[in-house]
Protein chains: 2
Amino acid sequence: MEKNKTIRIKDIAKLSGVSVGTVDRVIHKRGKVSDVARKKVEKILKEIDYTPNLLAKTLGSNKTNRIAVLVPHPDEDPYWKLSLDSLEASKKEWQPYQMQIETHFFKLNDEESFKRVAYNVLENKPDAIISAPIFLNVALDFFKEIQRLGIPYVHFNTMINGISPLAFIGQDLYQSGQLAGSLIDLCTKSNSGTVAILHISEKVQHSVHFIEKERGFRDYFNKKQSSKMEVISIIIEGDDMKSFESKLVDAIKSNDIKGLFIPTSSGAKLTANIISKYKLPNICIVGYDLLKENIELLKSGQINFLINQNPNRQVNRGIYHLANHLLFKKETPKLELFPLEVITKHNLDSYIKSNIH
Amino acid sequence: MEKNKTIRIKDIAKLSGVSVGTVDRVIHKRGKVSDVARKKVEKILKEIDYTPNLLAKTLGSNKTNRIAVLVPHPDEDPYWKLSLDSLEASKKEWQPYQMQIETHFFKLNDEESFKRVAYNVLENKPDAIISAPIFLNVALDFFKEIQRLGIPYVHFNTMINGISPLAFIGQDLYQSGQLAGSLIDLCTKSNSGTVAILHISEKVQHSVHFIEKERGFRDYFNKKQSSKMEVISIIIEGDDMKSFESKLVDAIKSNDIKGLFIPTSSGAKLTANIISKYKLPNICIVGYDLLKENIELLKSGQINFLINQNPNRQVNRGIYHLANHLLFKKETPKLELFPLEVITKHNLDSYIKSNIH
DNA sequence: TCTAAAAATGTTTGCGCACACACTATATTT
DNA sequence: AAATATAGTGTGTGCGCAAACATTTTTAGA
């Protein structure tokens with residue numbers, strides 16, 4: 001009863017009749033240990049519930065760990081800027097544990113830039129890497145190299161096949177599309193008409209991302225018997241805004257469009273602008289993420305729903321897993337899917353004010 | 001450039017020409033130090049950016065901290081059960097830091113039980129307390145006593161006035177009510193009729209909680225010009241289910257009720273059962289929290305929305321703050337408001353599968 | 001059988017800090 | 001003037017662990 005004392009390696013050593021060095025070797029599977037000694041120690045370990053003092057562990061090993069964050073340059077894209085919004089908090093959080101977090105940016109639409117930065121990261125020999133895998137082809141080689149080097153790594157935002165990171169952090173994109181369908185269905189009072197998914201300036205590299213969302217979106221309406229809603233896609237490539245404008249306006253005018261699904265976070269603003277410019281009738285719009293512009297559009301009622309992908313929390317969570325892996329050898333979940341957060345005009349504030357990462 | 005070495009007390013001592021003991025005394029304002037020595041040390045401290053190693057700090061002081069969790073008994077109410085669902089994870093998380101978490105349960109509707117358990121907690125002399133402040137009158141004395149003793153404490157779920165905990169963790173209940181209004185508005189296709197807020201077996205002690213929600217709910221419809229929706233309250237006290245049944249059925253049949261707002265998490269099931277029993281027309285229902293029953297009702301379409309209060313994350317977050325306060329002297333936010341999470345049939349899965357606390 | 005190498009085990013140090021303790025110099029009392 | 005108190009300062013130990021180091025034991029080779 002009284003002896004609620006914490007069990008130390010020293011205690012285990014005494015109990016099993018060996019020295020602390022041997023216990024250390026058994027616990028960490030390092031160095032040479034005879035079968036006899038190993039069994040003595042393992043017996044004791046099985047009997048008692050030894051949890052190492054993590055403070056002492058980290059302090060004793062006296063190592064500064066470095067985690068590399070490899071992401072598109074935040075100045076080029078508001079979505080990626082969002083992902084780094086609370087990175088400072090992460091840095092502060094892990095600083096007391098001698099955990100350094102280093103960011104490396106590559107250009108979103110420049111494969112060469114990715115290559116350069118990625119191999120620069122490798123030369124730096126970080127202890128762990130978290131990255132958003134854009135550029136499938138190039139990235140694959142890179143991640144295979146990481147794997148060869150035995151550096152633990154985590155992916156977020158987009159899942160890719162062919163490599164197995166410690167963890168993937170993101171959302172179920174198919175479900176996300178379905179949710180978008182259901183939300184449009186909800187604010188559209190009628191049961192017939194057309195809904196459209198807009199693909200605006202999407203780069204090939206992202207395609208997996210959007211294909212999944214579209215599949216979910218279409219399936220929602222396909223599977224709903226009572227609905228006679230037609231689903232169309234509107235695609236604009238490159239930066240040809242003029243053609244997009246006319247395409248969209250045409251489609252809306254000729255198709256009795258009831259709802260628009262915009263799977264890129266930065267697309268909602270463009271769309272809302274056009275609708276307002278041409279004074280088109282009110283259409284239900286579902287977009288993504290709490291970009292500054294999107295927040296305004298939601299407040300003013302120009303768009304109806306945002307689905308929150310929480311990119312900053314994805315990054316923080318990835319760092320959390322890596323730090324725990326490095327410091328405490330904790331296992332990470334292979335797959336961490338974030339909840340699909342529905343943001344409306346009426347819970348927007350609570351999301352903005354909430355500082356939970 | 002090269003000397004990115006961490007600065008230790010030892011370094012400060014050398015720089016200011018005194019011993020580590022004196023530096024320690026200056027930093028912690030303890031013991032006797034001559035003005036000359038103090039100034040020498042303070043000069044150096046001002047010049048450099050000293051951040052103590054928190055691991056060493058905690059390890060060196062070698063103290064086991066205990067956090068007391070004071071909550072209603074989970075067997076009596078599914079909501080409170082939910083709040084403890086991930087407590088084990090919290091315990092495991094903090095165990096390595098010599099942080100013990102002890103739970104103390106009181107009976108939800110028994111003031112005497114609260115008193116007894118609360119003072120039992122005090123006798124135990126925990127290093128910190130997190131609790132859900134039910135029983136305003138009794139609780140007030142208790143928390144004043146805690147404050148007198150200088151024990152840091154955190155509140156969650158319900159905010160009360162007159163005491164100032166280290167942090168309050170919960171949601172903006174007024175906004176929550178507004179959100180509920182907007183959700184009912186959303187799935188109700190018409191602009192007129194009646195919506196009702198149901199107060200089912202609510203104990204007096206909770207009243208603040210529900211008053212705020214009702215205020216938000218009513219205000220939503222009051223402030224909306226285009227809406228001619230009438231808002232009524234249906235109240236049932238005690239456990240008089242029969243009277244509730246007739247009251248509810250009457251109200252629905254005679255009032256053209258379009259939507260129901262059920263501010264208690266366990267109330268949705270009762271209501272849905274009655275509606276199904278009397279084969280009443282489809283009514284939009286907004287409830288609270290991911291209770292097992294509510295999940296089923298949402299899946300089957302018997303209720304339309306749940307607002308997630310995330311009680312388990314509230315507790316975990318409170319423990320997180322207290323642990324950081326005790327271990328690292330970190331400041332906690334006075335007020336941590338959780339986002340108002342909207343759960344529908346179509347993002348439910350993503351919430352259930354997500355293991356983020 | 002002797003010896004060098006390898007295997008197995010034990011011992012010590014240091015991580016950065018808190019805190020108890022020891023010591024010196026000066027002031028105060030007897 | 002000696003004894004004692006007091007302000008000020010420095011030193012040493014321990015927290016629990018990792019890792020380098022030191023020592024003993026066993027094995028293999030000639």
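Order of the sequence lines fixes the chain letters, A, B, ..., with proteins taken first and strands second; residue numbering starts at 1 for each chain. Please read all numbers here as calculations on a predicted model, not as lab measurements.
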Enquirer: Honestly, is A:R317 close enough over A:F156, meaning NZ or CZ under 6.0 Å from the six-membered ring centre and within 45° of the axis?
Expert: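 Geometry flag: not set, cation outside 6.0 Å or 45°.
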Enquirer: Taking OP1 and OP2 of D:dG10, is either one under 4.0 Å from a side-chain nitrogen or oxygen of B:T22?
Expert: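 So the side chain of B:T22 is within the cut-off, an N or O lying under 4.0 Å from OP1 or OP2 of D:dG10.
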Enquirer: Using atom CG of A:N62 as one end and atom P of C:dC15 as the other, report the distance to the nearest whole Å.
Expert: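 Nearest whole value for this atom pair: 7 Å.
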Enquirer: Can A:R116 be said to sit on top of A:F106's aromatic six-ring, NZ or CZ under 6.0 Å from centre and within 45° of the ring axis?
Expert: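 Output no; distance or angle outside limits.
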Enquirer: Is it true that B:K115 and B:D141 have a side-chain N and a carboxylate O under 4.0 angstrom from each other?
Expert: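 Salt bridge: no.
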Enquirer: Name the closest nucleotide to the B:R25 side chain, picking from C:dC17, D:dG10, D:dC17.
Expert: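 Among C:dC17, D:dG10, D:dC17, the one nearest the side chain of B:R25 is D:dG10.
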Enquirer: Using whole Å, report how far CG of B:L55 lies from C1' of C:dC17.
Expert: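 So the CG-C1' distance, B:L55 to C:dC17, works out to 11 Å.
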Enquirer: Provide, to the nearest angstrom, the distance between the CG atom belonging to A:N53 and the P atom belonging to D:dC15.
Expert: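 Interatomic distance, CG of A:N53 to P of D:dC15: 12 Å.
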Enquirer: Separation of B:L59 atom CG from C:dC17 atom C1', in whole Å?
Expert: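 Rounded to whole Å, this separation is 8 Å.
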Enquirer: Roughly how many Å is it from CZ in A:R8 to C1' in D:dG16, rounded to a whole number?
Expert: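 Roughly 8 Å, once rounded to whole Å.
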Enquirer: With DNA chain D as reference, determine whether B:A56 or B:V20 sits nearer its 5' end, using the nearest nucleotide of each.
Expert: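 It is B:V20 whose nearest nucleotide is closer to the 5' end.
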Enquirer: Rounded off to whole Å, could you give me the CG-to-P distance for the B:D24 and C:dA20 pair?
Expert: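 Roughly 11 Å, once rounded to whole Å.
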Enquirer: Between B:E145 and B:R148, does at least one N-O distance fall below 4.0 Å, as a salt bridge requires?
Expert: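 Salt bridge: yes.
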Enquirer: Please find out if less than 6.0 Å separates the ring center of B:F143 from that of B:Y153.
Expert: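 B:F143 vs B:Y153: aromatic centres under 6.0 Å.
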Enquirer: Quick one, which residues of residues 27-50 of chain B touch DNA chain C with a heavy atom under 4.0 Å?
Expert: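 Contacts with DNA chain C under 4.0 Å: B:H28, B:R30, B:Y50.
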Enquirer: Inspect the contact between A:K43 and A:E47 and indicate whether a charged nitrogen and a carboxylate oxygen are less than 4.0 angstrom apart.
Expert: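 A salt bridge is present here (some side-chain N lies under 4.0 Å from a carboxylate O).
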Enquirer: If you count the non-hydrogen atoms of other residues, nucleotides and ligands that lie under 6.0 Å from NZ in B:K29, is the total more than 12?
Expert: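 Counting other residues, nucleotides and ligands, NZ of B:K29 stays at 12 neighbours or fewer.
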Enquirer: Can you tell me how far apart NZ (B:K353) and CD (A:E336) are? Round to the nearest 0.5 Å.
Expert: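 B:K353 atom NZ to A:E336 atom CD measures 14.0 Å (nearest 0.5 Å).
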Enquirer: Where along residues 9-19 of chain A does a heavy atom fall under 4.0 Å from DNA chain C?
Expert: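 Within residues 9-19 of chain A, the residues near DNA chain C are A:V18, A:S19.
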Enquirer: So that I can tick it off, tell me whether B:K91 and B:E88 are bridged by a salt bridge, with the cut-off set at under 4.0 angstrom between side-chain N and carboxylate O.
Expert: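 Answer for the salt bridge query: yes.
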Enquirer: Given D:dG16, is OP1 or OP2 found less than 4.0 Å from the side-chain N or O atoms of A:T6?
Expert: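 Yes, such a contact exists.
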